[in-house]
Number of protein chains: 2
Amino acid sequence: MTDAINTILKKSSLSVTPGRSAILQLFHQSDGALTHAVIEEKTGDQFDRVTIYRTLQVFVEKGLIHTIPSPDNSILYALCKEDCSEGHHHDNHIHFICDKCNTTYCLDHITTPYIALPNGFKTNQTDVLIKGLCAQCNL
Amino acid sequence: MTDAINTILKKSSLSVTPGRSAILQLFHQSDGALTHAVIEEKTGDQFDRVTIYRTLQVFVEKGLIHTIPSPDNSILYALCKEDCSEGHHHDNHIHFICDKCNTTYCLDHITTPYIALPNGFKTNQTDVLIKGLCAQCNL
DNA sequence: ACTGTAATGCAACTATGTTGCAAAATTTAT
DNA sequence: ATAAATTTTGCAACATAGTTGCATTACAGT
C-alpha cells in the first residue's frame, strides 16, 4: 500500500517524505473530500500545520488533488482522477455534500451540464455543488 | 433612495440603523456580490468589523442576502430576489465569476439544471458556479 | 419624552492561512 | 555506501478572518 502511494509521489516528481505519504494515503483511504483540519486530526498531529498546508499546495500544483468550493467556506480537497495533469485540472465533475453526515463526494461519472449564458459571457469552468442526502443517510 | 432602503429594513422587521442602511444600500448599488472586506472598505471604516459581520448575518437570516460558495474561499454575499423569504432561500440561480475583473454576478434568470444523481442520493439544493469572462471583459 | 429592547463598539480570543529561516531529511552523484 | 546539493520540515512570527461577552448607546413603541 505504502509502496503504491510512494510510486504516485515519484511519478509526480515529488520527494517521498513521511508527511506526504501519510497525507496522500489518507486521501486514498477516504470516500470524500478532506479539509486541512481533518487531515491534521487524522494524522494525529504528527505533522506541523505548515507542512500540511504546503503539502496540500504541492499536491494541487501537481494535479494529485483539487479544491472544492464549499458553501461553508472551508477549503475542501479531494483526489483527482487520472486525467488531471500537472497545472491543468479537468475538474468538471459534480460535488455532492451530505447535509446530514457532511461528507463531500466527487461524483466523477456525472459531468457538468452545458449552461447557456447571456450574450458576451464566456465559460471557462463550471462547478456544480449539490447539497442533500447521500445514499447512506437517505435510508 | 435611503427611504426605499429603510422600507426594506422595516419590512423585514429590522430596526433601522446607519450601518444597516449603508450596507443594504451598498448592495443595491452594486452589480455583483460583495465580501466583508469590500464592505468594510466601501463604508469607509465608519462601522466596526463586528457590526458588519453581525449585519451580514442578520441580512442572511432575514432573507435579504445570500452567501455564494466561491472558489477562492472568501465568503461572497449578494442580494436575494423577491422570492427569498425569511429562513428559506430560493437560491437556485447561477453564479458567475469573471476571471479578469473578479466581479461575481447572480444570473437570476438562468435556473440551475436538474441533475440526475446515483441511486439513494437526494437533492436539496443545487449551486452552480461558472468562471469565465463577463460581457465587459470579453470585448 | 420615557422606557424597554435591540444594536453598536471595544477588547479579547479562536481559527485559518502565510512567510522567513535554520535544522533535518531526501535525493543525486560519486 | 557516502558525501554534497537540494528539498522539505518545524518553529516562530505574523497576517487575516471570524466569534463572543459585555458595557454603552441608539432605536421603537407608547
Side-chain angles (χ1 to χ4, degrees), chain A residues 2-3 5-26 33-62 64-77 86 102, chain B residues 2-3 5-26 33-62 64-77 86 102:
Chain A
T2 311
D3 274 2
I5 294 293
N6 293 348
T7 305
I8 295 171
L9 289 173
K10 280 176 194 156
K11 261 192 199 163
S12 303
S13 51
L14 291 171
S15 21
V16 176
T17 65
R20 287 178 180 171
S21 295
I23 292 172
L24 189 53
Q25 191 156 353
L26 234 184
L34 302 169
T35 61
H36 176 275
V38 168
I39 293 168
E40 199 172 350
E41 182 202 322
K42 293 219 179 182
T43 52
D45 300 305
Q46 300 176 64
F47 311 108
D48 195 83
R49 274 162 14 88
V50 179
T51 302
I52 297 175
Y53 278 117
R54 288 196 270 229
T55 301
L56 291 170
Q57 238 172 263
V58 170
F59 283 2
V60 170
E61 280 163 21
K62 293 292 180 176
L64 294 175
I65 60 177
H66 62 274
T67 59
I68 304 173
S70 85
D72 67 335
N73 267 81
S74 55
I75 305 185
L76 288 166
Y77 299 88
E86 185 162 345
N102 223 38
Chain B
T2 311
D3 273 1
I5 294 293
N6 293 348
T7 304
I8 296 172
L9 288 173
K10 280 176 194 157
K11 261 193 198 165
S12 302
S13 52
L14 291 172
S15 23
V16 176
T17 64
R20 288 179 177 170
S21 294
I23 292 172
L24 189 53
Q25 191 155 355
L26 234 184
L34 302 169
T35 61
H36 176 275
V38 167
I39 293 167
E40 200 172 351
E41 183 202 322
K42 292 217 179 182
T43 50
D45 298 305
Q46 300 175 64
F47 310 107
D48 195 81
R49 271 164 14 88
V50 180
T51 301
I52 297 175
Y53 278 117
R54 288 197 269 229
T55 301
L56 291 170
Q57 237 171 262
V58 170
F59 283 3
V60 170
E61 280 164 20
K62 293 292 180 176
L64 294 175
I65 60 177
H66 61 274
T67 59
I68 304 173
S70 85
D72 67 335
N73 266 82
S74 56
I75 305 187
L76 287 166
Y77 299 89
E86 185 162 343
N102 222 40

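We use all heavy atoms of the structure for the numbers below, so side chains are in, but hydrogens, waters and symmetry mates are not. Treat the numbers as computed from the prediction; the structure is a model and nothing was measured. Letters A, B, ... mirror the listed sequences (proteins, then strands); counts begin at 1.
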Rounded off to whole Å, could you give me the [atom1]-to-[atom2] distance for the [X] and [N] pair?
X: A/D45; N: C/dA15; atom1: CG; atom2: P; result: 13 Å
X: B/Y77; N: D/dA17; atom1: OH; atom2: P; result: 12 Å
X: B/L56; N: D/dT19; atom1: CG; atom2: P; result: 10 Å
X: A/E41; N: C/dT16; atom1: CD; atom2: C1'; result: 16 Å
X: A/E61; N: D/dT7; atom1: CD; atom2: P; result: 14 Å
X: B/I52; N: C/dG9; atom1: CD1; atom2: P; result: 9 Å
X: B/L14; N: D/dG29; atom1: CG; atom2: P; result: 12 Å
X: A/Q46; N: D/dC11; atom1: CD; atom2: P; result: 13 Å

Looking only at the aromatic ring of each residue, does the gap between the centers of B/Y77 and B/H66 stay below 6.0 angstrom?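 Centroid separation for B/H66 and B/Y77: 6.0 Å or greater.
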Mark yes or no for whether A/T35, through its side chain, and A/V38, through its backbone, hold a donor-acceptor pair below 3.5 Å.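 Such a contact is found between A/T35 side chain and A/V38 backbone.
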Closest approach to the side chain of [X], judged atom by atom: which nucleotide of [options] is it?
X: A/D48; options: C/dG9, D/dG18, D/dG10; value: D/dG10
X: A/R49; options: D/dA13, D/dT19, C/dT8; value: D/dA13
X: A/Y53; options: C/dG9, C/dT18, D/dG18; value: C/dT18

Measure the shortest side-chain to side-chain distance between A/I5 and A/V16 over non-hydrogen atoms and say whether it is less than 4.5 angstrom.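 Result no, sub-4.5 Å side-chain heavy-atom pair not found.
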Are A/L34 and A/I65 close enough that some pair of their side-chain heavy atoms sits under 4.5 Å apart?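 Sidechains of A/I65 and A/L34: no contact.
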For B/T17 and D/dA26, is the shortest distance between a side-chain N/O and OP1 or OP2 below 4.0 Å?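 Checking B/T17 against D/dA26: no side-chain N or O falls below 4.0 Å of OP1 or OP2.
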Short side-chain N/O contact to C/dA7 OP1/OP2 from B/S15, under 4.0 Å: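 For C/dA7, OP1/OP2 do have a side-chain N/O of B/S15 under 4.0 Å.
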When the nearest nucleotide of DNA chain D is assigned to B/I75 and to B/K10 on a heavy-atom basis, which residue is associated with the more 5' position?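 Upstream on the strand: B/I75.
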State whether the distance check finds a donor on one side and an acceptor on the other, under 3.5 Å, for side chain B/R54 versus base D/dG18.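 Per atom types, no contact qualifies.
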Which is it for A/I75 and A/H36 under the side chain to side chain contact (heavy atoms under 4.5 Å, CB included) test, yes or no, and what are the steps along the way? CA-CA 7 Å; A/I75 305 185; A/H36 176 275; over 6 Å; no
Select base, sugar-phosphate, or nothing to describe what B/V58 touches, counting heavy atoms under 4.0 Å on all strands.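 Answer is nothing: B/V58 stays at 4.0 Å or more from every strand.
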Which part of the nucleic acid, if any, lies within contact of B/R20, taking any heavy atom under 4.0 Å across all strands shown: a base, the sugar-phosphate backbone alone, or nothing?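 Sugar-phosphate: the residue B/R20, judged by heavy atoms under 4.0 Å, touches backbone atoms but no base.
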